[in-house]
Participant: 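Have a look at this one before I ask anything.
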Amino acid sequence: MATGSFWNVDDPLKPWGLMDPDDVLNIPFDFSEWLADQGSTYASHVVTPAVGIDAVDVSATGGVVLIQVQRSVGVTLAEGQKYGVTCQVVAADGQKRSKTLYLKIKEL
């Protein structure tokens, strides 16, 4: 199971991670700093993976949402293509913030 060590953090506006099409990947989305800046707390989240990617498990602790994704059954993901996974967090005061990670498909 791959983790955040695969992330490219050089460009925070266009983050991406490598994903082997036959692996399960854990994606941590950290909203804790944003929540603290807003003076609010975590309330809920919505996860939207691209077609061909399934979110098989999602957990949240405070402002960190951990999403476990894998290739959808019966779907072939194109080598070198990027597939987005978006996480939106809703703060207790109703404010919302979204982040997207693009998974670049590569046989690892």
Side-chain angles (χ1 to χ4, degrees):
M1 195 175 314
T3 62
S5 62
F6 291 93
W7 303 158
N8 170 20
V9 293
D10 295 334
D11 185 351
L13 298 176
K14 296 182 181 177
W16 60 273
L18 291 177
M19 180 180 179
D20 188 303
D22 297 319
D23 205 355
V24 175
L25 192 65
N26 288 315
I27 305 172
F29 283 95
D30 189 349
F31 292 90
S32 56
E33 186 175 314
W34 172 75
L35 289 167
D37 289 347
Q38 303 309 310
S40 193
T41 58
Y42 165 87
S44 64
H45 63 268
V46 176
V47 175
T48 310
V51 173
I53 303 287
D54 289 333
V56 294
D57 190 35
V58 180
S59 62
T61 304
V64 179
V65 180
L66 182 63
I67 305 167
Q68 194 174 77
V69 298
Q70 68 184 29
R71 173 181 51 86
S72 301
V73 174
V75 171
T76 300
L77 300 176
E79 176 89 14
Q81 292 286 44
K82 291 183 182 176
Y83 297 82
V85 176
T86 299
C87 181
Q88 180 185 66
V89 162
V90 179
D93 62 5
Q95 294 182 77
K96 298 176 183 178
R97 171 66 60 95
S98 293
K99 293 183 182 182
T100 300
L101 179 77
Y102 297 94
L103 302 173
K104 186 173 183 179
I105 305 304
K106 181 170 177 58
E107 293 284 342
L108 300 176

Participant: Determine the minimum heavy-atom distance between Ala91 and Ser40, stating which atoms define it.
Facilitator: CB-OG, 3.5 Å
Participant: Working to the nearest 0.5 angstrom, can you tell me the gap between Asp37 CG and Arg97 CZ?
Facilitator: 8.5 Å
Participant: With side-chain hydrogen bond (donor to acceptor under 3.5 Å, both in side chains) as the criterion, how do Thr86 and Thr48 come out once you've worked through the C-alpha distance, each side chain's angles and the decisive distance to 0.1 Å?
Facilitator: CA-CA 5 Å; Thr86 299; Thr48 310; 5.9 Å; no
Participant: Quick check: closest heavy atoms across Asp54 and Ser72, and the distance to 0.1 Å?
Facilitator: OD1-OG, 2.9 Å
Participant: Nearest 0.5 Å please: distance from the CE atom of Met19 over to the CD1 atom of Ile105.
Facilitator: 5.5 Å
Participant: Is any side-chain heavy atom of Leu35 closer than 4.5 Å to one of Tyr42?
Facilitator: yes
Participant: What are the two closest non-hydrogen atoms of Lys104 and Trp16, and how far apart are they?
Facilitator: CB-CE3, 4.1 Å
Participant: In this structure, are over 12 heavy atoms from other groups packed under 6.0 Å from Glu79 atom CD?
Facilitator: yes
Participant: Show the nearest heavy-atom pair for residues Gly17 and Leu101, with the distance to one decimal.
Facilitator: N-CD1, 3.9 Å
Participant: Side chains of Asn26 and Gln68: is there a donor and an acceptor less than 3.5 Å apart?
Facilitator: yes
Participant: Please list all pairs meeting salt bridge (Lys or Arg N to Asp or Glu O under 4.0 Å) that have one or both residues in residues 62-71, counting only residues at least two apart or in different chains.
Facilitator: Asp22-Arg71
Participant: Take the angle between the ring planes of Phe31 and Phe29 and call it parallel below 30°, perpendicular above 60°, tilted in between.
Facilitator: parallel
